[in-house]
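What follows is a short report on a single structure.
Numbers restart at 1 for each chain; the letters A, B, ... are given by sequence-line order, proteins then strands. No experiment lies behind these values; they were computed from the predicted model shown.
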Amino acid sequence: MSARKVRVRFAPSPTGALHIGGVRTALYNYLFAKQHGGDMILRIEDTDSQRFVPGAEEYIIESLNWLGIKFDEGVGIGGPGAPYRQSERRDIYKKYVQQLLDGGRAYIAFDTPEELDAKRSDVANFQYDASTRMEMRNSLSMPKEEVDALIAAGKQYVVRFKIEPNEDVVVNDLIRGEVVINSSILDDKVLYKSADELPTYHLANIVDDHLMDISHVIRGEEWLPSAPLHVLLYRAFEWEAPRFAHLPLLLKPDGNGKLSKRDGDRLGFPVFPLEWKDPKTGDVSSGYRESGYLPEAVINFLALLGWNPGNDQEIMSMDELIQLFSLDRCSKSGAKFDYEKGKWFNHKYIQQKSNAELAAMFMPVLKEHGVEADAEKVEAIVGLMKERVNFVKELWDQSSFFFIAPEQYDEKTAKKRWKAESPEQMTELCEVLSGIEDFSAANTEEIVKEWIAAKEYHLGNIMNAFRLAVVGESKGPHMFDITALIGKEDTIARLRKAVATIK
RNA sequence: GGUCCAUUCGUCUAUCGGUUAGGACGCCAGAUUUUCAUUCUGGAAAGAGGGGUUCGAUUCCCCUAUGGACUACCA
């Protein structure tokens with residue numbers, strides 16, 4: 001391998017929200033670049049003016065920013081290769097298109113899209129290539145004067161790459177090894193359209209990767225079939241081609257096929273990093289961020305979908321991933337998207353957060369429920385409850401009773417735990433509690449247990465009824481941790497209310 | 001239809017010719033617990049099929065099957 005400096009790019013098209021598979025591609029590029037001390041470039045491939053969606057570019061940048069995937073050069077940052085938006089590079093492409101034309105490696109074609117459609121429905125498996133191009137309307141089949149006249153008359157045309165047939169083109173893929181495709185199955189790809197004076201993806205991509213000195217092209221497997229075309233293009237320009245690595249696809253969790261936005265809607269999980277509102281339809285799609293995912297968890301989860309470090313380690317920070325990542329440990333086959341495992345990763349990362357950090361994230365949720373609580377109390381509660389949840393917002397379901405006294409009591413639990421003697425015992429318990437000075441968990445527990453022992457009550461019966469009265473159902477952490485947090489007054493009030501209410 | 005890529009527990013995957021085929025998620029069971037969770041322990045669960053090569057194939061080769069991607073003046 002050449003000693004070229006590692007430079008990779010993530011080159012999305014601003015046609016909508018960034019798909020989670022695209023995020024993974026960006027991540028692998030990033031990990032690879034950083035591991036080799038190389039550069040990561042963000043290029044926006046907006047050569048299709050038809051499909052441009054306003055806001056998409058900003059969305060992409062914000063998403064990657066949230067996830068901690070950083071760029072060294074590109075749109076929004078600048079750099080020696082600027083501009084990084086392909087629509088701003090028209091003149092550059094024109095020059096290279098002309099070079100191909102002058103060298104006889106490409107030609108001008110006048111066939112309209114309608115004519116081609118007609119031809120395709122007419123002739124089965126029609127392909128615009130060496131076997132058919134002389135029958136078409138182009139600068140190869142027509143006299144030069146006619147071509148010039150048509151152009152002078154303002155007739156729209158495209159420039160097609162002239163592919164020589166019957167040649168085995170070898171793509172050396174870092175993940176898949178040698179992939180050989182015969183050039184005869186390739187068509188004379190359109191490289192440039194006079195209508196909008198823009199190149200198509202293939203030309204723009206090759207020119208930019210060359211000009212930006214990209215050393216490795218790491219992209220989705222959907223590009224593998226066109227990789228030979230790209231190799232041929234590099235050869236036509238006499239440029240050194242970058243190394244290629246085609247990543248396996250992210251598949252639907254159930255059934256088969258590529259993971260799509262629809263699957264997320266259908267199965268109820270996000271396929272986009274951030275919430276996205278389609279400017280045309282107004283449809284809103286959920287995002288990982290809004291669903292309560294920690295960026296670290298999304299990164300870790302995605303990293304392991306198609307790659308592994310070769311041992312049993314699963315929890316890895318971005319820095320560790322950068323250390324451990326390698327293209328030759330990427331799998332070749334597609335990975336079904338396992339949303340359940342994603343949740344588990346989030347659970348793991350929540351456990352790693354400090355109580356203060358978690359409390360800060362929980363505060364807005366409390367506010368939504370109309371609860372005002374001081375940070376210290378929330379921190380303590382979060383510390384008690386975090387191991388039970390996958391998401392910060394689940395904290396509310398688990399711990400709302402800390403903030404709001406139960407309005408009603410779970411029927412099943414009441415039936416099972418509230419005995420005939422419970423009202424009397426709970427009233428007695430109120431007396432015991434009211435006499436306690438130090439209401440800390442340890443002290444309260446000691447005194448209450450002494451009382452239970454002295455009275456020879458059944459510990460389980462007392463505690464379960466106590467819990468029902470304070471929490472409203474049969475759940476929650478250690479009882480005395482709860483009472484210490486809600487305080488003596490509230491504890492007693494809840495007990496009295498339960499005695500008056502539960503039958 | 002054509003071309004290319006792929007194929008180990010339900011899912012993500014380990015294994016670079018010799019293993020009781022390992023781990024994780026999920027699932028089930030048990031233990032712990034004043035409840036619910038958590039946690040811990042255990043369990044069920046896999047080499048698509050057929051041919052070769054080899055003393056020996058999950059591993060290498062071929063065929064078949066299945067899945068996927070691509071096959072635009074989209075990326």
U71(B) and U13(B): how far apart are their P atoms, nearest whole angstrom?
25 Å
Is there a donor-acceptor contact under 3.5 Å linking the side chains of Asn182(A) and Glu167(A)?
no
Could you please name the option among U7(B), C5(B), C73(B) that lies closest to any side-chain atom of Arg120(A)?
C73(B)
Contact class for Pro228(A) (heavy atom, under 4.0 Å): base, sugar-phosphate, or nothing?
nothing
Do Val23(A) and Phe272(A) have side-chain heavy atoms sitting under 4.5 Å apart?
no
Remember a base hit wins even if backbone is also touched, and classify Ala335(A) as base, sugar-phosphate or nothing at under 4.0 Å, heavy atoms.
sugar-phosphate
With both distances under 3.5 Å as the test, what is the Watson-Crick or G-U wobble partner of G26(B)?
none
Any N or O donor-acceptor pair under 3.5 Å from the base of U33(B) to the side chain of His478(A)?
no
Touch class at under 4.0 angstrom, heavy-atom based, for Thr112(A) against every strand present
base
Taking any heavy-atom pair under 4.0 Å as a contact, classify Val471(A): base, sugar-phosphate, or nothing.
nothing
Side chain of His347(A): nearest nucleotide among A14(B), U39(B), U34(B)?
U39(B)
Searching all strands shown, indicate the nucleotide that pairs with C9(B) (Watson-Crick or G-U wobble; both distances under 3.5 Å).
none
Separation of U71(B) C1' from Glu222(A) CD (nearest whole Å)
14 Å
Mind checking Val179(A) for me? I need base, sugar-phosphate or nothing, with any heavy atom below 4.0 Å counting as a touch.
sugar-phosphate
Would you say the base of C74(B) and the side-chain of Arg51(A) have a donor-acceptor pair closer than 3.5 Å?
yes
State which residues pass side chain to side chain contact (heavy atoms under 4.5 Å, CB included) with Ser226(A); sequence neighbours excluded, sorted by chain then number.
His202(A), Trp223(A), His230(A)
Arg219(A) atom CZ is separated from A69(B) atom C1', nearest whole Å, by 13 Å
Any donor-acceptor pair under 3.5 Å linking the side chain of Ser183(A) with the backbone of Asn166(A)?
yes
If the test is side-chain contact (heavy atoms from CB on, under 4.5 Å), which one of Ile299(A), Leu247(A), Val298(A), Leu249(A) qualifies with Arg24(A)?
Leu247(A)
Considering only side-chain heavy atoms of Lys332(A), which listed nucleotide, A6(B), C4(B), A75(B), is closest?
A6(B)
Result for ring-ring contact (aromatic ring centres under 6.0 Å, His included) between Phe301(A) and one of Tyr349(A), Phe269(A), Trp344(A), Phe337(A) points to Phe337(A)
Phosphate oxygens OP1/OP2 of A14(B): is one of them under 4.0 Å from a side-chain N or O of Asn308(A)?
yes
Counting side-chain heavy atoms from C-beta on, which of A72(B), A6(B), C36(B) comes nearest to Arg176(A)?
A6(B)
Most 5' of Asn311(A) and Phe480(A) on RNA chain B, judged by nearest nucleotide:
Asn311(A)
Taking pairing as Watson-Crick or G-U wobble with both contacts under 3.5 Å, can you name the mate of G18(B), or confirm there isn't one?
C55(B)
Using the P atom on both, measure U32(B) against C25(B) and round to a whole Å.
23 Å
Check every atom of C4(B), U38(B), U11(B) against the side chain of Lys336(A) and return the nucleotide holding the closest atom.
U11(B)
Select base, sugar-phosphate, or nothing to describe what Thr47(A) touches, counting heavy atoms under 4.0 Å on all strands.
sugar-phosphate
Inter-nucleotide C1' distance (C40(B), C4(B)), Å rounded:
49 Å
Pairing partner (Watson-Crick or G-U wobble, both distances under 3.5 angstrom) of A69(B)
U3(B)
Whole angstrom value for the distance that separates P of G2(B) from CG of Asp129(A)
17 Å
Are any of Arg160(A)'s side-chain N or O atoms less than 4.0 Å away from OP1 or OP2 of C73(B)?
yes
Indicate, with a heavy-atom threshold strictly under 4.0 Å, whether Arg329(A) touches base, sugar-phosphate, or nothing.
sugar-phosphate
Check whether Glu424(A) reaches the backbone of Glu421(A) with its side chain - one donor and one acceptor, N or O, closer than 3.5 Å.
no
Distance, rounded to the nearest Å, where Leu247(A) contributes CG and C12(B) contributes C1'
15 Å
Can you tell me how far C1' in U58(B) sits from the matching atom in A48(B), rounded to whole Å?
12 Å
Pair Asn138(A)-Tyr128(A), side-chain donor/acceptor within less than 3.5 Å
yes
Does Pro225(A) or Gly306(A) map to a spot on RNA chain B nearer the 5' end, using the closest nucleotide for each?
Gly306(A)
Taking only side-chain N and O atoms of Ser226(A), does any of them lie within less than 4.0 angstrom of OP1 or OP2 on C70(B)?
no
Between the side-chain atoms of Arg467(A) and the base atoms of C36(B), is any donor-acceptor pair under 3.5 Å?
no
With a 4.0 Å cut-off on heavy atoms, is Lys189(A) in touch with a base, just the backbone sugar-phosphate, or nothing at all?
nothing
Name the nucleic acid region contacted by Glu387(A), choosing base, sugar-phosphate or nothing; use a 4.0 angstrom heavy-atom cut-off, strictly under.
base
Going by the angle between their ring planes, with limits at 30° and 60°, are Phe244(A) and His246(A) parallel, tilted or perpendicular?
parallel
Rounded distance (Å) that lies between atom P of C36(B) and atom CD of Glu394(A):
19 Å
A75(B), C36(B), U13(B): which one has an atom nearest the side-chain heavy atoms of Ser331(A)?
U13(B)
When the C1' atoms of U15(B) and C60(B) are compared, how many Å lie between them, rounded to an integer?
15 Å
How would you label the contact of Asn125(A) with the nucleic acid (heavy atoms, under 4.0 Å): base, sugar-phosphate, or nothing?
base
The single option from Arg160(A), Arg133(A), Lys162(A), Arg105(A) passing salt bridge (Lys or Arg N to Asp or Glu O under 4.0 Å) against Asp188(A):
Arg133(A)
Can you build the contact string for nucleotides 21-26 of chain B? Use B for base contact, S for sugar-phosphate-only contact, and - for no protein heavy atom under 4.0 Å.
--SBB-
Starting from the C-alpha separation in whole Å, work towards a yes-or-no answer on salt bridge (Lys or Arg N to Asp or Glu O under 4.0 Å) for Lys341(A) and Glu314(A).
CA-CA 11 Å; Lys341(A) 189 135 188 184; Glu314(A) 292 206 285; 3.0 Å; yes
